[in-house]
2 protein chains.
Amino acid sequence: MYKVLKELKVELGERSYPIIIGQGLLGNYDLTPWVAGNQVMIVTNETVGPRYLEQAVACFPGKCVDVVTLPDGEKYKDWQTLNLIFDRLLERQHSRQTTLVALGGGVVGDMAGFAAACYQRSVPFIQIPTTLLSQVDSSVGGKTGINHPLGKNMVGAFHQPNIVLIDTDSLSTLPAREVSAGLAEVIKYGLIRDESFLGWLEGNIDALRRLEPDALGEAIYRSCLCKAEVVAVDEREGGLRAILNLGHTFGHAIETYAGYGNWLHGEAVGTGMLMASDLSLREGMIGQKEHERAAALIHRAGLPERPPKGMSPEDFMSRMAVDKKNVDGRLRLVLMRSLGDAFVTADAAPQNLKDTLLEFTRS
Amino acid sequence: MYKVLKELKVELGERSYPIIIGQGLLGNYDLTPWVAGNQVMIVTNETVGPRYLEQAVACFPGKCVDVVTLPDGEKYKDWQTLNLIFDRLLERQHSRQTTLVALGGGVVGDMAGFAAACYQRSVPFIQIPTTLLSQVDSSVGGKTGINHPLGKNMVGAFHQPNIVLIDTDSLSTLPAREVSAGLAEVIKYGLIRDESFLGWLEGNIDALRRLEPDALGEAIYRSCLCKAEVVAVDEREGGLRAILNLGHTFGHAIETYAGYGNWLHGEAVGTGMLMASDLSLREGMIGQKEHERAAALIHRAGLPERPPKGMSPEDFMSRMAVDKKNVDGRLRLVLMRSLGDAFVTADAAPQNLKDTLLEFTRS
């Protein structure tokens with residue numbers, strides 16, 4: 001059977017929902033109380049499906065379960081692939097009372113969530129994230145969407161799940177590179193809001209890379225809790241929520257430069273956080289020791305510490321100009337006042353930004 | 001200058017917004033108080049743009065106004081055309097503080113509204129409907145979306161505008177066929193909820209077809225008011241709101257059979273209401289005289305009274321099976337208890353439905 005390690009509730013008024021973190025949940029945990037009608041559509045991909053689909057179906061005893069399997073990868077996070085979900089829903093005559101289930105990583109979650117937001121102008125959905133990154137990131141916040149050739153996540157919706165089921169067992173098949181990518185977002189929560197969590201991570205980063213369940217349960221729980229607190233204050237990203245994008249402005253530029261899917265999102269965020277830390281240092285906000293502490297943890301997580309070879313400061317600037325955080329053309333960045341205290345600013349000195357970009361792009 | 005004929009407020013809590021109905025509004029009414037940032041993107045089509053774009057731009061003095069012109073017609077209400085809006089927004093680097101403006105009929109409004117709902121996970125929008133149908137229908141309710149080859153409006157979102165500006169002068173260039181199509185929705189409000197408005201329409205239907213401004217202002221006002229009352233009770237279409245779909249289940253079947261755009265939406269709704277009235281008669285809800293009164297008004301509005309030639313009962317049934325109102329496979333229809341009192345039911349006798357379909361499809 002299963003063991004629940006941790007449980008939390010994301011408080012969003014009538015859109016509140018629980019996150020269940022445990023072992024052996026897939027195949028055993030009954031999700032039917034979270035399904036209003038008779039129809040369920042599981043959205044997965046060709047990598048995750050063969051491993052976990054049968055167990056996921058077993059979470060919906062007595063329901064009519066259909067499945068749509070998408071190609072695997074960030075490069076398929078587009079209209080064409082999204083339409084595969086709508087095609088299947090309509091072919092199988094799913095009504096407005098259907099429930100969509102995302103079984104997979106962040107790409108599957110973003111697309112299944114966006115399909116749920118749009119199908120018949122919104123149907124409920126359930127998240128079963130199977131990668132560390134999606135467990136600590138997409139589980140909370142309700143962000144869904146797809147990419148556009150001119151920008152990442154440019155088309156989407158806010159749509160909250162009914163419940164999120166996180167089975168740490170599903171990480172056993174995750175490549176080490178993806179574990180590191182997930183740890184980037186875990187470290188992020190420490191850097192933006194929780195210096196004591198940073199200390200915990202410094203003591204447990206190796207156990208996390210070895211996928212020890214108790215360490216994983218704790219890291220996922222504290223990450224989701226941190227994000228849930230931020231999102232509860234600011235569901236629609238008017239203010240505080242933007243600090244969750246630490247490292248993401250630089251990171252998105254890296255991802256678009258490298259071509260979606262060549263760098264993992266978490267890898268780009270890891271390098272992006274290092275760049276944001278460097279800029280925070282140049283701005284006189286954090287000290288050299290703090291910067292080195294952040295850099296050491298990013299290094300120990302096994303994350304890349306430089307942008308792709310050949311990427312220039314101009315490559316960064318042109319891609320950062322369309323970032324969603326910008327207001328009427330002014331570039332906004334997330335920086336740190338100190339470790340565990342991030343904020344959004346449009347006032348970084350252009351010369352400091354230039355120096356950070358030069359530092360990270362010189363060969 | 002301009003003359004405001006009528007004004008109403010759609011009450012939806014923090015999403016409440018005004019509808020301004022008048023003459024000479026386009027080119028003269030200042031909409032900048034409804035624009036938060038500096039950027040405006042007007043979405044129009046190749047028919048409406050040449051006539052009213054210059055005047056629409058003049059409603060946003062001092063703002064950076066960009067334009068995207070879509071091909072005209074229901075058959076372009078698809079992903080490909082929707083992407084033209086996203087392409088332009090991103091090419092012109094519109095930020096999350098941009099405002100989208102729909103200048104055109106229902107198709108432009110649905111697409112611009114859906115683009116606004118999805119662009120960067122939602123930006124504000126303004127409606128300037130230029131057809132009678134969109135003025136009395138899309139102005140209220142916040143429904144946006146696109147079609148799918150397997151069903152109309154199957155992909156979309158609820159997204160309320162900041163303000164709706166209705167200029168009755170813009171109807172002067174509307175073909176008579178489209179005026180009739182708009183009158184179908186006007187008549188619908190009388191049939192579902194307001195028997196006294198039906199009486200008013202019987203006295204003014206000819207003035208409306210002649211586009212007399214005072215009659216138009218009154219008809220648009222009462223239609224919007226009726227829809228606003230229904231939507232205020234039921235914003236997300238859980239219950240009461242479904243009565244707004246009188247004639248739409250049959251109508252959607254006609255539209256998909258004929259191929260999107262060959263029948264105008266209002267024309268299909270006109271015939272659909274006649275079929276719903278016929279079924280209400282067979283169900284013993286309304287009497288022969290009431291049915292004839294409804295039929296006479298639909299006739300005087302210049303609407304078609306039969307489905308396309310060759311359409312069979314089976315053609316109806318297969319297309320009605322994917323209707324959004326269905327719950328777990330049961331066909332739901334809007335019928336009338338009496339003129340001015342519609343309701344939703346899944347209990348119509350199959351034989352009566354069959355007889356209505358046979359009656360309207362025999363050659």
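In what follows, every chain begins at residue 1, and chains take the letters A, B, ... in the order their sequences are listed.
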Here the gap from B:H94 atom NE2 to A:M154 atom CE, rounded to the nearest 0.5 Å, amounts to 13.0 Å

With a 3.5 Å distance limit and no angle check, can you tell me whether B:R121 reaches the backbone of A:T144 through a side-chain donor-acceptor pair? yes

With chain A, the option among B:G156, B:A115, B:A157 that has the most non-hydrogen atom pairs under 4.5 Å is B:G156

One option among A:I146, A:L82, A:N83 has the most heavy-atom pairs under 4.5 Å with chain B, and it is A:N83

Cut-off 4.5 Å, heavy atoms of chain B, and the answer for A:L89 is neither

query = Looking at side-chain heavy atoms only, is the closest gap between A:H148 and B:D87 below 4.5 Å?
reply = yes

d(A:L150 CG, B:Q93 CD) to nearest 0.5 Å is 9.0 Å

Taken in chain and number order and not counting sequence neighbours, the residues that satisfy ring pair (Phe, Tyr, Trp, His ring centres under 6.0 Å) with B:Y119 are none

By side-chain hydrogen bond (donor to acceptor under 3.5 Å, both in side chains), B:E229 pairs with (sequence neighbours left out) B:R193

- request: Anything under 30° is parallel, anything over 60° is perpendicular, the rest tilted; go ahead and classify A:W79 against B:F86.
  value: parallel

Kindly check if the number of other-residue, nucleotide or ligand heavy atoms within 6.0 Å of OH (A:Y76) is above 12?
no

